[in-house]
2 protein chains.
Amino acid sequence: MHTKDGYSVVVVGAGLVGERLVSELRRRRFPFRELRVLARSSRRAILDGEEFEIGVAEPGAFEGVDFAFFAGTEGEKGAAVRLAREAISRGATVIDNGSDFRLDPGVPLVVPEVNARALEEHEGLIANPNCSTIQMVVTLAPLARRFGLRKVVVSTYQAVSGAGRGGVEALQSGAGEAFPKPIAGNAIPLIGSVGEDGYTSEERKMREESRKILSMPDLPVYATAVRIPVHTGHSESIYVELEREASPEEVLAAFEEASGVSFSGDPQDFPTPLEAAGEPETFVGRVRVEGDRVSYWCVADNLLKGAATNAVQIAETLVGARVS
Amino acid sequence: MHTKDGYSVVVVGAGLVGERLVSELRRRRFPFRELRVLARSSRRAILDGEEFEIGVAEPGAFEGVDFAFFAGTEGEKGAAVRLAREAISRGATVIDNGSDFRLDPGVPLVVPEVNARALEEHEGLIANPNCSTIQMVVTLAPLARRFGLRKVVVSTYQAVSGAGRGGVEALQSGAGEAFPKPIAGNAIPLIGSVGEDGYTSEERKMREESRKILSMPDLPVYATAVRIPVHTGHSESIYVELEREASPEEVLAAFEEASGVSFSGDPQDFPTPLEAAGEPETFVGRVRVEGDRVSYWCVADNLLKGAATNAVQIAETLVGARVS
């Protein structure tokens, strides 16, 4: 897929992630010649400061499209279930932020810093991982490469914008049903639906998707996913057991050299969601090393690296443009 | 120490914990004949709905006192450093919520549901543990008794009232220096001061105090302590490895029978800080069991069970009154 004039790109979805896809495609100068936005119904909307004539997401809208980014909706079936095959049959490459195809063995699930090679073979559909998973594997990958991983225990501190505009509304006014209990001044330790083993769908995603991305199908991952009253920026407290003992210096060096990771070695310094919001990287701090056990804190913008930025990086990798 | 007429009680400190001590001593009907409040300087203040004539915390004020509760201040030297010996030499039993004496081998560090026996020998001074530690050991103790503990990994979600009135003010108006970064709409993964090993003082308290209370001096405890924008109610995501495999039913039974624990076995049900605020118990939910690994969520009012309620329960145990 090469073109002198640039690619025809559509974004399906005009919610928080759809808007971030528009802004990231522009900010990162993805080589598009046209950029359209589709949704369930046509309307005009301001996205990333510009008025868009939003078209209807129907099969014919994908004629001539090179890249179709599906914004997806966590916790619901995404539009890709209905339309991905239609887009692919018309020649488009689909990058889906929804969760519907992520664990399909024929669909690459990609975080470019971690497993860009998985893009070498695909059938037109590439899945973008869950927001909480992306920032976790960006930080686990350098540890896995250098030291090996035996076990991961993670607790999340997730922002309301991960639940879309309804989540933001619930924090700001208490309205709506985005969350099962009030979120303002509270912490809600249940994201998604609870399965028979007691784990939630969000926690299962973190386990299953991480295993697939890291190519470690048996990696023990014990996740607890919690919503807190933060607008944007997911945080994670991560404890890992390595396959060998490591010195603090070795672990700090692994984070310093890691692609996509912004890391300050100053033990007094730590990233927070307020600071990470709007930034494309994953931030690491509070690193503590005791033999083969490492604890750390990581933060990323759940709408950017956790969704839109990662999706655009996938497309950049496919067209041979930069990945940073 | 017996008296028909009840005990002479003083509370030292008129901050959030001091006020909760006054209200818990009354609500739980601790048998006092007089209840006075002392602070650095004399003044009048409304505490628990009643106007108190606050006296000066000086040695002479402890004449004739049976119980002196020191409210303490996390992160600073408490008034007990200056005055506990003065109070004890005048015959008082001191219960100190500060951190200064907790790890002193001659000072019992007590959570009555866990180690009331430690009260059988003391020299007039009993330490009340750190707020985050108390709710954790209340929930670890039933697991330790039934199954044994090999390892604990804990991440906290701590309320601003744990930092006193200044913490509440910082959340509500952004003013002051209670926290190193803004707390509204944010998560701050640093409570207290950072040591050479990278752990904070709060995280070290959780490890060292838990080991002492549980009489498990070598228990591995990997803690990450985080402040979130919640007024009152600390939450904790806890992962433990047991000494043997357990069935989910056995683990649920352990929590159901545990003293001081409020537990719903409904996997859809979970406690939150908004609901736990104002309640004396420790709430447990989101229990997941996989062989010898157990993950769960616990919440308690950091000013009540995390401070005032536990202190009053210690005094109740000493005088043979109820502990509930």
Side-chain angles (χ1 to χ4, degrees), chain A residues 151 153-157 159 171 180-190 193-200 203 220 222-226 228-239 248 266-275 277 285-290 293-297 299, chain B residues 151 153-157 159 171 180-190 193-200 203 220 222-226 228-239 248 266-275 277 285-290 293-297 299:
Chain A
K151 184 189 295 173
V153 181
V154 55
S155 297
T156 71
Y157 301 69
L171 175 59
K181 295 189 180 181
I183 185 61
N186 211 6
I188 300 182
L190 194 154
S193 55
V194 179
E196 282 195 4
D197 58 0
Y199 281 93
T200 62
E203 291 157 358
Y222 301 95
T224 299
V226 181
I228 63 168
V230 162
H231 184 293
T232 296
H234 285 357
S235 307
E236 297 177 353
S237 168
I238 299 180
Y239 164 93
D266 179 355
Q268 304 286 340
D269 196 20
F270 54 87
T272 68
L274 266 189
E275 295 159 301
R286 292 295 329 278
V287 179
R288 290 145 286 165
V289 182
E290 294 174 74
R293 286 101 197 262
V294 179
S295 302
Y296 63 96
W297 172 255
V299 188
Chain B
K151 184 189 297 171
V153 181
V154 54
S155 296
T156 72
Y157 302 68
L171 175 60
K181 295 189 180 181
I183 185 62
N186 212 7
I188 301 182
L190 193 153
S193 55
V194 179
E196 283 195 2
D197 58 0
Y199 281 94
T200 62
E203 292 157 357
Y222 302 95
T224 299
V226 181
I228 64 168
V230 162
H231 184 292
T232 297
H234 285 359
S235 306
E236 297 177 353
S237 169
I238 299 179
Y239 164 92
D266 178 355
Q268 304 287 340
D269 196 20
F270 55 86
T272 68
L274 265 189
E275 297 159 300
R286 291 298 327 280
V287 178
R288 288 145 287 165
V289 182
E290 293 176 75
R293 286 101 198 263
V294 179
S295 301
Y296 64 96
W297 173 256
V299 187

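All figures in this text were calculated on a predicted structure; none of them were measured in a lab. Throughout, protein chains are lettered first and strands after them, A, B, ... in sequence-line order, and every chain is numbered starting at 1.
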Please classify the contact between [X] and chain B as side chain, backbone, both or neither, with a heavy-atom cut-off of under 4.5 Å.
X         : value
Val194(A) : both
Ala277(A) : neither
Asp269(A) : side chain

Side chain, backbone, both or neither: which part of Thr224(B) has an atom under 4.5 Å from a heavy atom of chain A?
both
Ala223(B), part contacting chain A, at a heavy-atom distance under 4.5 Å:
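Backbone of Ala223(B) only, per the 4.5 Å heavy-atom cut-off to chain A.
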Chain B contacts, top residue of [options] (heavy-atom pairs, under 4.5 Å):
options                         : value
Thr156(A), Val154(A), Ile188(A) : Thr156(A)
Gln268(A), Glu203(A), Arg288(A) : Arg288(A)
Ala187(A), Pro267(A), Pro180(A) : Ala187(A)

Set of residues satisfying side chain to side chain contact (heavy atoms under 4.5 Å, CB included) with respect to Val294(A), sequence neighbours excluded
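Residues passing side chain to side chain contact (heavy atoms under 4.5 Å, CB included) with Val294(A): Val240(A), Leu242(A), Val251(A), Val287(A), Val289(A), Tyr296(A).
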Between [atom1] of [X] and [atom2] of [Y], what distance do you get to the nearest 0.5 Å?
X         : Y         : atom1 : atom2 : value
Glu290(A) : Asp197(B) : CD    : CG    : 7.0 Å
Ile183(A) : Thr272(B) : CD1   : OG1   : 9.0 Å
Ile228(A) : Ile228(B) : CD1   : CD1   : 5.5 Å

Side chain proximity check, Arg286(A) to Thr200(B), heavy atoms < 4.5 angstrom
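Touching, per the 4.5 Å side-chain cut-off.
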Side chains of Pro189(B) and Tyr157(A): does their closest heavy-atom pair fall under 4.5 Å?
no
Specify which of Asn186(B), Val153(B), Val299(B) makes the most heavy-atom pairs with chain A at under 4.5 Å.
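Among Asn186(B), Val153(B), Val299(B), the one with the most close pairs to chain A is Asn186(B).
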Between Pro273(B), Pro229(B), Gly198(B), the one whose heavy-atom pairs under 4.5 Å with chain A are most numerous:
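Heavy-atom pair counts peak at Pro273(B).
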On a heavy-atom basis, which atom in Leu274(B) and which in Pro182(A) lie closest, and how many Å separate them?
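Smallest heavy-atom distance, with atoms named: CD1-CB, 4.0 Å.
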What pairs with Glu275(A) under salt bridge (charged side-chain N to carboxylate O under 4.0 Å, His left out), at least two apart in sequence or on another chain?
Lys181(B)
For Tyr222(B) and Tyr239(A), take the angle between the two ring planes, folded into 0 to 90°, and tell me which bin it lands in: parallel under 30, tilted 30 to 60, perpendicular over 60.
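Taking Tyr239(A) first and then Tyr222(B), their aromatic rings sit tilted (interplane angle of 30° to 60°).
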